[in-house]
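Worksheet: one structure, shown below.
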There are 2 protein chains.
Amino acid sequence: MSADTDPGRPTTRIQREKQEVILEAALEIFSQYGFRGSTIDQIAEAAGMSKPNLLYYFKSKEDILAPILARILDTWLEPLRELDAEGDPLPELQSYIRRKLEMSRDYPRESRLFANEMLRGAPDFSNVLHNELKDLVDEKAKIIKGWMARGKIAKCDPYHLIFAIWSTTQHYADFDIQVRAVLGKERGGDGRFEDAARFLDQLFLHGLSPKK
Amino acid sequence: MSADTDPGRPTTRIQREKQEVILEAALEIFSQYGFRGSTIDQIAEAAGMSKPNLLYYFKSKEDILAPILARILDTWLEPLRELDAEGDPLPELQSYIRRKLEMSRDYPRESRLFANEMLRGAPDFSNVLHNELKDLVDEKAKIIKGWMARGKIAKCDPYHLIFAIWSTTQHYADFDIQVRAVLGKERGGDGRFEDAARFLDQLFLHGLSPKK
DNA sequence: AAATTTTTTGACCGATTGGAAAAATTCTAG
DNA sequence: CTAGAATTTTTCCAATCGGTCAAAAAATTT
């Protein structure tokens with residue numbers, strides 16, 4: 001019998017293990033070459049098995065991508081989910097920014113694959129964007145608006161604020177090549193994330209206006 | 001004779017015209033599907049000619065991409081080149097941010113193709129990144145540092161400031177699908193760029209600290 | 001209008017692709 | 001140990017890919 005997507009979850013131990021190996025290999029390949037730029041052979045080799053063997057676990061190339069994307073989106077939104085209406089507004093936002101930056105540092109492959117899908121127009125999960133994602137952002141935007149109304153943070157568009165947090169932090173994963181090239185050898189090392197954290201903290205807190 | 005890359009530039013009128021048509025079509029296709037995801041047939045069809053006819057003007061797929069990337073990078077950096085050391089610091093930076101945002105609005109295909117290349121690790125112009133780009137950013141970072149030293153703007157890392165400007169503005173082109181999905185029908189229309197401009201102006205000027 | 005050069009087309013090629021089929025092997029339960 | 005199920009490998013295929021080539025068709029020059 002084939003082992004692919006049945007209503008019932010993977011049954012045997014070997015199925016769970018191999019599926020995990022394949023998804024890890026596929027993430028590596030997809031994030032480097034994009035969906036169409038990756039071949040099943042590449043993924044199979046990275047997973048240490050033959051192509052037909054891989055196709056025994058996932059019956060098509062798209063069936064490999066789908067669970068990866070689902071998992072990424074879930075992981076990706078976790079920091080935003082934790083934004084707490086009861087917390088102290090500014091530290092709450094700072095902590096969100098820091099966590100997003102840490103994700104760019106620790107999971108660059110996920111970030112790049114996600115960006116790749118966005119560039120392609122997100123053909124596979126545009127419904128998720130319009131439902132789960134929009135709902136979550138709507139909810140958190142409302143919280144942020146409440147903070148603004150109570151004078152806890154400056155008034156601004158909460159949606160564009162969230163976009164700014166996403167873009168500035170993800171930039172360090174998606175444009176890593178460019179960032180390291182521009183920073184050069186000395187400043188482009190591991191310390192760049194701490195420098196980025198410091199800068200973003202100041203930007204989102206005070207902007208560029210000089211102190212008086 | 002073939003019409004492709006000779007030391008001498010395109011000679012005939014028809015060559016200039018067709019090469020332009022091809023590059024425009026290739027930008028459209030490449031920006032949608034990425035380099036490996038695009039086929040010469042697709043580009044040829046978009047350009048209204050047969051594949052062998054296209055290959056008469058550009059002898060390989062990479063030979064089509066190269067001039068597009070060169071042009072994009074040049075266009076892309078123009079706003080930064082214009083950052084004027086003699087200008088008024090804050091308005092100078094605001095104007096830079098605004099121009100970059102306008103480019104995301106007016107040239108989203110170019111932005112997405114550029115992002116695509118970055119995600120791939122910029123195999124074709126990593127040398128440009130380490131030379132022309134780094135030199136330009138170094139020069140402008142020095143200008144910005146001068147402004148900080150004279151107390152005209154707040155002290156911060158000028159490199160990460162430039163990254164923040166790039167990422168926040170380009171986000172509206174590269175993640176357009178996501179931005180529009182999250183903003184919804186009413187707020188996701190043409191007005192989103194004006195909202196973004198207003199928000200970015202405030203973010204880079206004052207950040208989120210509440211007014212006292 | 002004839003000669004020559006440039007442009008376009010149709011037919012084709014070898015390599016690679018995603019995937020199917022079935023045999024061969026390994027694992028597991030009785 | 002043996003039957004049956006699960007896993008893996010070998011072989012193969014049709015479609016698509018980037019690219020070539022020679023000949024036809026336009027365009028240009030003389």
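Just so it is clear: chains get the letters A, B, ... in the order the sequence lines come, proteins before strands, and each one is counted from 1.
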Charged N-O contact under 4.0 Å between A:Asp174 and A:Arg112: no

Aromatic ring proximity A:Phe125/A:His130, centre distance under 6.0 Å: no

Below 4.0 Å: OP1/OP2 of C:dT7 and any side-chain N or O of B:Gln15: yes

Spacing between B:Tyr57 atom OH and C:dT6 atom C1', to the nearest angstrom: 8 Å

d(NZ, B:Lys18; C1', C:dT6) in whole Å: 11 Å

Less than 3.5 Å apart, which donor and acceptor atoms pair up between the side chains of residues 133-141 of chain B and the rest of the protein, not counting sequence neighbours?
| from | atom 1 | to | atom 2 | distance (Å) |
| --- | --- | --- | --- | --- |
| B:Lys134 | NZ | A:Val182 | O | 3.4 |
| B:Lys134 | NZ | B:Asp138 | OD1 | 3.4 |
| B:Lys134 | NZ | B:Asp138 | OD2 | 3.0 |
| B:Asp138 | OD1 | B:Tyr159 | OH | 2.5 |
| B:Lys140 | NZ | B:Arg81 | O | 2.9 |
| B:Lys140 | NZ | B:Leu83 | O | 2.9 |

Letter per nucleotide, 5' to 3', of nucleotides 9-25 of chain C [B base touched, S only sugar-phosphate touched, - untouched; heavy atoms, 4.0 Å]: BBB-----SBBBB----

Exercise: do B:Gln19 and B:Gln15 side chains pair donor with acceptor under 3.5 Å: no

B:Ser104 (side chain) donor-acceptor with B:Thr169 (main chain) under 3.5 angstrom: yes

